[in-house]
Amino acid sequence: ATAAAAAVATGSGGGLWGAFRFLASSLNRIADVFVPREHEDAEPPLTTEERARLEQIIDVVDRELFERASRELPHASFSWILLYIDFGMKFLTEHQGNAPPRKQPRRDKKGVTHLVTSRLHRRLSFECAVCFDSFTSALAISCTPTVHSRRKAASHSFCADCVKGHAAAAVDQNVIVPSGIGLKCMQPVCENVLIRAHVEQVLDGRTLAALDPHYAHEALTAAGVKTESCPRCSFTVVVAESTEQRQVFGCERDGCRYEY
């Protein structure tokens with residue numbers, strides 16, 4: 001700006017027009033520093049249609065086969081490998097001479113290289129829907145729709161620690177599904193279920209023991225069986241008569257025998 005003012009003051013460069021050109025040149029030099037320029041041999045940006053098509057392939061592709069093909073055919077473009085990978089390694093190797101050359105990754109991340117790396121990484125990891133931390137996909141505990149779900153909902157994945165806290169809360173809160181097959185999903189409104197067998201893999205013995213009577217109560221209730229649970233020890237029994245016919249209940253568990 002000071003140099004531009006000096007140019008105006010001295011009348012050099014055509015007065016205001018010269019100052020304007022000086023500022024434009026300065027801005028271009030700044031842009032060269034802060035705005036990354038694509039390499040001359042950079043891969044072309046993907047069109048919307050190309051991106052959508054490749055995303056569908058990446059989501060189902062055999063990851064190990066793709067990585068092997070990428071290593072053994074270092075000059076073939078990722079797009080070509082993805083489009084023909086279903087034909088197998090023999091086909092890819094025999095026809096690699098027809099493949100477009102693999103070019104430099106784009107700095108603006110609009111090319112196939114960034115799409116491949118980010119999409120494959122997404123398949124290997126997940127974000128917990130509660131704490132929002134990232135974990136290996138193999139450790140995810142996800143909710144599952146059941147025949148009782150009234151609406152189709154997306155599956156939500158959770159980490160072990162969040163599931164443990166949810167299961168601990170189930171002892172005192174109503175988070176067990178009516179049929180007793182698992183816990184309610186932690187996402188509001190979602191009607192899917194965290195299947196009991198999946199949840200129990202991350203729970204300790206104390207929590208498992210505390211949940212057992214609650215699971216049993218929900219399962220029996222869903223089957224139309226009348227039960228009564230001791231408010232002190234949670235021991236549950238099947239009762240023949242209704243609560244209106246019986247005024248006093250006595251816990252049948254040895255060591256408790258609490259009456260209420």
Side chain to side chain contact (heavy atoms under 4.5 Å, CB included) evaluation trace for Glu72 with Met89: CA-CA 9 Å; Glu72 297 184 10; Met89 275 301 304; 3.3 Å; yes

Side-chain heavy-atom pair Thr144, Val193 within 4.5 angstrom cut-off: no

Tyr84 and Phe87 aromatic ring geometry - parallel, tilted or perpendicular at 30°/60° bounds: tilted

Donor-acceptor under 3.5 Å (Thr136 side chain, Leu139 main chain): no

Shortest non-hydrogen contact from Ala167 toward Leu211: O-CD2, 3.7 Å

Distance (rounded to the nearest 0.5 Å) between Phe126 CZ and Asp133 CG: 9.5 Å

Value rounded to 0.5 Å, distance of CD1 in Ile81 from OG in Ser70: 4.5 Å

Any donor-acceptor N/O pair, Thr207 side chain to Leu203 backbone, under 3.5 Å: no

Reported CG-to-CG distance for the pair Asn192 and Leu183, which is rounded to 0.5 angstrom: 13.0 Å

4.5 Å side-chain heavy-atom contact, Phe66 and Val116: yes

Residue pair Arg102, Asp41: steps toward the salt bridge (Lys or Arg N to Asp or Glu O under 4.0 Å) verdict: CA-CA 9 Å; Arg102 188 180 306 179; Asp41 194 34; over 6 Å; no

Heavy-atom closest pair, residues Arg106 and Pro45: NH1-CD, 3.4 Å

For Ala129 against His156, the heavy-atom pair lying closest together: CB-CB, 4.4 Å

Any donor-acceptor pair under 3.5 Å from His166 side chain to Lys184 backbone: yes

Residues Arg206 and Asp204 bridged, charged N to O under 4.0 Å: no

CD on Gln187 to CZ on Phe158, rounded to 0.5 Å: 5.0 Å

Heavy-atom pair with the smallest gap, counting every atom of Thr117 and His114: OG1-O, 3.1 Å

Note: Arg68-Asp62 ion pair, threshold 4.0 Å (strictly below): no

Glu200 side, atom CD; His198 side, atom NE2 - distance, nearest 0.5 Å: 10.5 Å

Any Ile181 side-chain heavy atom under 4.5 Å of Tyr215 side chain: no

Crowding at CZ, Phe135 (>12 non-hydrogen neighbours, <6.0 Å): yes

Derivation of the side chain to side chain contact (heavy atoms under 4.5 Å, CB included) call for Leu46 and Lys110: CA-CA 6 Å; Leu46 293 172; Lys110 294 181 180 180; over 6 Å; no

Contact check, side chains of Val202 and Asp161, non-hydrogen atoms, under 4.5 Å: no

Ser77 and Glu43 side chains, donor-acceptor separation under 3.5 Å: no

Check: Arg53 and Leu82 side chains under 4.5 Å, non-hydrogen atoms: no

Flag, side chain of Ser155 to backbone of Cys143, donor-acceptor distance under 3.5 Å: yes

Enclosure of Arg119 CZ (heavy-atom neighbours >12, cutoff 6.0 Å): yes

Minimum side-chain heavy-atom gap Val61-Leu65 below 4.5 Å: no

Trp80 and His95, any side-chain heavy atoms less than 4.5 Å apart: yes

Full working for side chain to side chain contact (heavy atoms under 4.5 Å, CB included) between Met186 and Leu194: CA-CA 9 Å; Met186 286 182 269; Leu194 294 171; 4.3 Å; yes

Audit row: Cys131, Cys159, side chain to side chain contact (heavy atoms under 4.5 Å, CB included) steps and yes/no: CA-CA 8 Å; Cys131 66; Cys159 69; 3.8 Å; yes

Gap separating the NZ atom of Lys90 from the CD atom of Glu94, nearest 0.5 angstrom: 5.5 Å

Thr47 vs Glu50 side-chain heavy atoms within contact, under 4.5 Å: yes

Shortest non-hydrogen contact between Leu54 and Ser79, atoms and distance: CD1-OG, 3.7 Å

